[in-house]
Amino acid sequence: MEPGNLINGRAIAAQVLADLRPRLAALRARGVQPGLVFVRVGEDPASRVYVGRKEKTAAELGIRSETHVLPENASEAELLELLDRLNRDEQWHGILVQAPLPRQIRPERVYAAIRPDKDVDGFHPINMGRLLLGDPGGFRPCTPAGIQELLVRAGISWEGAHVVILGRGNIVGKPLAALLCQKAPRANATVTLCHSATRDLAAHCRRADILVAAMGVPEFVTADMVRPGAVVVDVGVNRVPDPGAKGGSRLVGDVAFAAVQPIAGRITPNPGGVGPMTIAMLMQNTVQAAEQLTA
Ligand code: NAP
């Protein structure tokens, strides 16, 4: 039995995927099989795992997928040339370049090179702009969209809530703030965005109705930073040394889970919270791309 205040990301992600099945069936009836192509550069172990999970979920849904792997020392020009080919290849409705990229490749150049209507990761400047403007026609980045969906489906309202986000990264914190501050259903929150220059960060945290930790700092959020009854969302994925664990390390989030869980009103486990939602939203964006490109 899981404790009553856990938000089960795996179960909610399964609901999101189940809701895609009728849309996939409608596409199939028109002879369309959505196609999602991945690009990895180098052999970063975490990237291999992430792409592997995304491919597996795609296969379970009947979404065609393929992964292109470039060597660690590939140039930016080589990657852009590959993206140009994939942009023009009609069998692919969605293109995802897995982060992190090696130093010689500028992520902003890569994201801007993907066709906006195939940009299922939502990082193209046009899709980021649409997100900021509240235009629902664009693609929303998968992790922020997954966090929004997770709480909505868990019965927690963002409307009017004071949401404190720790971390202003371009992948999670910044787009999540843009998503939740919209005057729109499933949003309409008051957002405080904290970062490394924030003064008295703990005091901001204690004022949160919903606290989202997306910094990449192991177990940063401690019990004294959480108002009793607040909702806590742990986005961080951090590998820490653990001589007792298999391989000498283990994964922890940005929240000191054991201490915070008894105080929180609701809390996401990690793993099993935000991660599965990120994958589910990628599948949703891919279905949307296939629908829009073949309409
Ligand atoms: P990022 O771009 O590196 O951003 C980290 C942010 O945290 C920055 O804004 C940084 O502040 C802030 N920060 C770092 N240390 C801090 C401190 N001690 N006090 C206050 N702020 C601090 O990271 P990201 O790409 O957004 O990812 C954040 C985390 O989410 C990572 O652990 C990543 O692995 C995880 N993640 C998980 C998923 C998932 O699906 N579960 C998906 C994506 C990312 P400055 O801006 O001032 O430097």
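Below, each value reflects all heavy atoms present in this structure, side chains not excepted, and no hydrogens, waters or symmetry copies. Order of listing sets the numbers, starting from 1, for every ligand and every atom in it.
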Mind listing the N or O contacts between ligand 1 and protein, cut-off under 3.5 Å?
| from | atom 1 | to | atom 2 | distance (Å) |
| --- | --- | --- | --- | --- |
| ligand 1 | 9 (O) | R168 | N | 2.8 |
| ligand 1 | 11 (O) | S196 | N | 3.4 |
| ligand 1 | 21 (N) | S196 | N | 3.3 |
| ligand 1 | 32 (O) | V237 | N | 3.1 |
| ligand 1 | 40 (O) | T278 | OG1 | 2.8 |
| ligand 1 | 46 (O) | R168 | NE | 2.8 |
| ligand 1 | 47 (O) | R168 | NH2 | 2.8 |
| ligand 1 | 47 (O) | S196 | N | 3.1 |
| ligand 1 | 47 (O) | S196 | OG | 2.4 |

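Evaluation of the side-chain hydrogen bond (donor to acceptor under 3.5 Å, both in side chains) rule for Q148 yields R140 as partners, not counting sequence neighbours. Residues that satisfy the salt bridge (Lys or Arg N to Asp or Glu O under 4.0 Å) test with E108, not counting sequence neighbours, are absent from this structure. Residues meeting the side-chain hydrogen bond (donor to acceptor under 3.5 Å, both in side chains) test with R53, sequence neighbours left out: none.
With respect to R88 and D84, a salt bridge is recorded, a charged nitrogen being found less than 4.0 Å from a carboxylate O. Salt-bridge check for E159 with R186: failed, with every basic side-chain N at 4.0 Å or more from each acidic carboxylate O.
In this structure, a donor-acceptor pair under 3.5 Å is absent between the side chains of Q292 and D117.
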